[in-house]
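Because the structure is predicted, anything quoted here is derived from the model rather than measured. Chain letters run A, B, ... following the sequence lines, proteins first and then strands; every chain starts at 1.
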There are 4 protein chains.
Amino acid sequence: MDGATTPARGRKRSEQTRLAILTAAYELTTEVGFPEVTVEGIAARAGSGKQTVYRWWPTKADVLLEALALKADLKISTADRGSFDAELDAFLRDSAALMAFPGVAPVLRSLMAEAQRDADFRRRFQDGFLSKRRAALETIVERAAVRGDKPADLTAGFTADLVFGLIWYRVLATDRLLDQADITAMRRLLNEHTGE
Amino acid sequence: MDGATTPARGRKRSEQTRLAILTAAYELTTEVGFPEVTVEGIAARAGSGKQTVYRWWPTKADVLLEALALKADLKISTADRGSFDAELDAFLRDSAALMAFPGVAPVLRSLMAEAQRDADFRRRFQDGFLSKRRAALETIVERAAVRGDKPADLTAGFTADLVFGLIWYRVLATDRLLDQADITAMRRLLNEHTGE
Amino acid sequence: MDGATTPARGRKRSEQTRLAILTAAYELTTEVGFPEVTVEGIAARAGSGKQTVYRWWPTKADVLLEALALKADLKISTADRGSFDAELDAFLRDSAALMAFPGVAPVLRSLMAEAQRDADFRRRFQDGFLSKRRAALETIVERAAVRGDKPADLTAGFTADLVFGLIWYRVLATDRLLDQADITAMRRLLNEHTGE
Amino acid sequence: MDGATTPARGRKRSEQTRLAILTAAYELTTEVGFPEVTVEGIAARAGSGKQTVYRWWPTKADVLLEALALKADLKISTADRGSFDAELDAFLRDSAALMAFPGVAPVLRSLMAEAQRDADFRRRFQDGFLSKRRAALETIVERAAVRGDKPADLTAGFTADLVFGLIWYRVLATDRLLDQADITAMRRLLNEHTGE
DNA sequence: AACTAAGCGAGACGGTACGTCGCGTCTTGCA
DNA sequence: TGCAAGACGCGACGTACCGTCTCGCTTAGTT
């Protein structure tokens, strides 16, 4: 119900243009870097008018946030793997793989940067990206709690802060991404006193 | 010795102007937020010319980086407190206090954001801020290793990534700062298997 | 035919803004003098953006050159009056009247000065103003030649140099404009040996 | 008397620096054109400080006005040659020669342009250059009046306006200098009705 | 088939800040 | 006191994008 939202008169939104804009934004960002990307530049490369960009996205960061979903596989498996450690391992591997996907790390760094500058986008970035990933990890921790193999004194929230803290700090403040050693160290740290 | 530096001809740099610019930049940032701060605005409030700002700092972020040292006490105690846990506790308290200092959290968020946009500033931010704090924490971990109360399988680098990851992720991605519970949780996590 | 000109897409140029800019430029020049006029000032008074000025005119001198055509009647009568002397008289009176029109003398002095500084504007000033007036005077001389009452050994070009030389030298190097005595002297000089 | 004007204490003005500045100004003007010449540029080329330029000359145009006297022979012969025509001929040849001297025409055009922009310099340019040459020509005309071979109805002033008008209009508004034909035409014009 | 919305590419518009340039003034230390 | 060096306050430059606003055209329903 509530389907009475005006029966959609006039010309329909062009899906082709939408994709052209998202692609242009993503490519431009990888080529010249986010700060050099302009709405004018996106529109020019996409062969669209500026107005068309502004009609559907409030800022260029929002274009990129949507482009990310188009370009990279953002799905994280939260399937039950029998043990907390196995699921944590899968989660960390998935996250590392996402970061290693071409163009993803620079885009995410730019979006996190933009979230510091624009409070409105910050909220959209949290809702559209950050909290989805957080929810996945918290699901794993909570399932471990039910199952009984969760480290005794870790809350889901603190665990998420730790894990995402590591991932983000690496990409934002250092020039290294997560490697196998990091994943191993994190698993050992979070598992060692499980049974205590 | 070392006398090869030109004997300083011409008018000397005005220390008064330097302080006025740093103060103006810091105040403006707390008042209107970093993105709204302009070099023109800084110069206007400081009663200086734009050129004077550009003569000594490459970007407004660099002004703010230097202003931070002026406004906030950036010293972290790395004094030997007898145990790893005591020193970690002091470090975390110091860090939490710094973040809670008026204006510091917004400024640091802005500088980290800027470091994502400007590769040159990124390096200056790392050298002038990030690596100094990292070095302090690594000192603590290494002293613990010598002393023998360091958690067995933690390297200094990974420990730093974990600790700073938590601190930065909190301020960048959430709206909460470190509290006593976080400090306790982190200490317990890093100490529990010390003797194992 | 001649339809090869692109069919004019996008928003059209605002005639209202064009007039506002021309008027602002002319008024500012009479109020504070050409060197104190800035493109910023013109745009501000016209209520336009600087870019709009730069989009249509290469320099502030070009704005003024066009404003001149708007503000002052630049038409010179070259109608056949029966005799060279009568037409020369009319031409000199018209020229003196133009120079006496409010604001015109300062504007023309400024444009001639600018033509010395900027070789590109020099050409536009010649094409858009100087050679038009020259052509008018040369028309008069050539008609006199046909009619037979032209001073024997004066070419059209030299006559133009003499007449415009007098007019311009007066306004540029002295502080007096042409008066009736000057017009009489010039007519006598150029007519006396007509029949010889 | 009045010799009590302080016996000149302190270091004396450096004649070497004065010449270096005048030469630098003249050369720069011929090389890059007056508008591109800056006081900073003059000082840099002369190996002096900006302050030294400002101490002795109010504007760069004044430097150039003085440099002109240094670089070009500004003397005009007003010697009695027996007839008005002979003296006029000499005057016109001298003037044409001056204009043809390397660098002089561009410099004079620039100074005349500057005189339109700066009322104070205008006066100094008139006193230091224009009226000197005018005086020379008026001397010739007045001597002719005494001698009795002056064109009957020409005043000295109007004659000067005509002659200088021609010379200046040519250099300011056209791209041709005076040639032999012009001199001949002018002589014929001003002499033909001498005996009437 | 005609009418009425909307979407669209194009591009002009009012703004605002950029980073640079040159102005003319003011130390600073040496001659 | 003159001078070279050079920092300073100031203000305009011409450019780049911002986000908004026509403009004429295209694409769909709705009458």
Side-chain angles (χ1 to χ4, degrees), chain A residues 6-14 16-18 35-41 43-44 46-56 58-60, chain B residues 6-14 16-18 35-41 43-44 46-56 58-60, chain C residues 6-14 16-18 20 35-41 43-44 46-56 58-60, chain D residues 6 8-14 16-18 35-41 43-44 46-56 58-60:
Chain A
T6 9
R9 305 222 310 159
R11 187 171 171 174
K12 275 172 190 156
R13 177 175 184 182
S14 161
Q16 179 182 324
T17 296
R18 176 180 160 266
E36 312 308 317
V37 174
T38 64
V39 173
E40 310 218 55
S48 79
K50 285 166 63 176
Q51 188 66 268
T52 304
V53 179
Y54 283 115
R55 185 154 25 226
W56 303 109
T59 72
K60 62 172 176 168
Chain B
T6 8
R9 301 207 295 172
R11 184 171 174 176
K12 278 169 187 156
R13 177 173 183 183
S14 161
Q16 179 181 324
T17 296
R18 176 180 159 266
E36 310 308 317
V37 173
T38 65
V39 174
E40 305 211 335
S48 81
K50 283 166 66 174
Q51 190 62 256
T52 302
V53 179
Y54 284 114
R55 191 161 14 233
W56 301 108
T59 72
K60 62 172 176 169
Chain C
T6 8
R9 302 208 294 173
R11 186 171 171 175
K12 279 168 188 155
R13 177 173 182 183
S14 162
Q16 180 182 322
T17 295
R18 176 180 159 266
E36 310 308 317
V37 174
T38 64
V39 173
E40 305 212 335
S48 81
K50 283 168 67 174
Q51 190 62 255
T52 301
V53 179
Y54 283 114
R55 185 154 28 224
W56 302 108
T59 72
K60 63 174 175 167
Chain D
T6 6
R9 306 219 309 158
R11 187 172 171 175
K12 275 174 192 153
R13 177 174 183 183
S14 161
Q16 179 182 323
T17 296
R18 177 179 160 265
E36 312 308 317
V37 174
T38 64
V39 173
E40 310 217 57
S48 79
K50 284 165 63 176
Q51 188 66 267
T52 304
V53 179
Y54 283 115
R55 186 155 23 229
W56 303 108
T59 73
K60 63 172 174 167

Return a single string for nucleotides 22-28 of chain F, one symbol per nucleotide in 5' to 3' order, where B is base contact, S is sugar-phosphate-only contact and - is none, cutoff 4.0 angstrom on heavy atoms. BBS-BB-
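Two residues, B/Gly47 and C/Val37, neighbour DNA chain F, and the one matched to the more 5' nucleotide by heavy-atom proximity is B/Gly47. In terms of position along DNA chain E, the nucleotide closest to A/Ala43 lies nearer the 5' end than the nucleotide closest to the other residue of the pair B/Lys60 and A/Ala43. Nearer to the 5' terminus of DNA chain F, by closest-nucleotide assignment, is the contact made by D/Ser14 (compared with the other of D/Ser14 and C/Tyr54).
In this structure, the CD atom of B/Glu40 is 13 Å from the P atom of F/dC10, given to the nearest Å. Between B/Arg18 atom CZ and F/dG9 atom P the separation is 15 Å, expressed in whole Å. Atom CZ in A/Arg55 sits about 13 Å away from atom P in F/dC21, given to the nearest Å. Look at NZ on A/Lys50: it is 6 Å from C1' on F/dC18, rounded to the nearest Å.
By the side-chain contact (heavy atoms from CB on, under 4.5 Å) test, B/Thr38 is found to be paired with B/Glu40, residues two or more places apart in sequence or in another chain being considered. Partners of D/Lys50 according to the side-chain hydrogen bond (donor to acceptor under 3.5 Å, both in side chains) rule, which considers only residues two or more places apart in sequence or in another chain, do not exist here. Under the rule for a side-chain hydrogen bond (donor to acceptor under 3.5 Å, both in side chains), D/Lys60 has no partner lying at least two apart in sequence or in another chain. When the side-chain hydrogen bond (donor to acceptor under 3.5 Å, both in side chains) test is applied to B/Thr52, no partner is found at least two apart in sequence or on another chain. By the side-chain hydrogen bond (donor to acceptor under 3.5 Å, both in side chains) test, A/Ser48 is found to be paired with no residue, residues two or more places apart in sequence or in another chain being considered. Among residues two or more places apart in sequence or in another chain, the side-chain contact (heavy atoms from CB on, under 4.5 Å) test is passed with B/Pro58 by B/Asp62, B/Arg124. Partners of A/Arg13 under the side-chain contact (heavy atoms from CB on, under 4.5 Å) rule, at least two apart in sequence or in another chain, are A/Arg18, A/Trp56, A/Trp57.
Look at A/Thr38 and you won't find any side-chain N or O under 4.0 angstrom from OP1 or OP2 of F/dA16.
Nucleotides of DNA chain E with any atom under 4.0 Å from a heavy atom of chain B span, from 5' to 3', E/dA17 to E/dG29.
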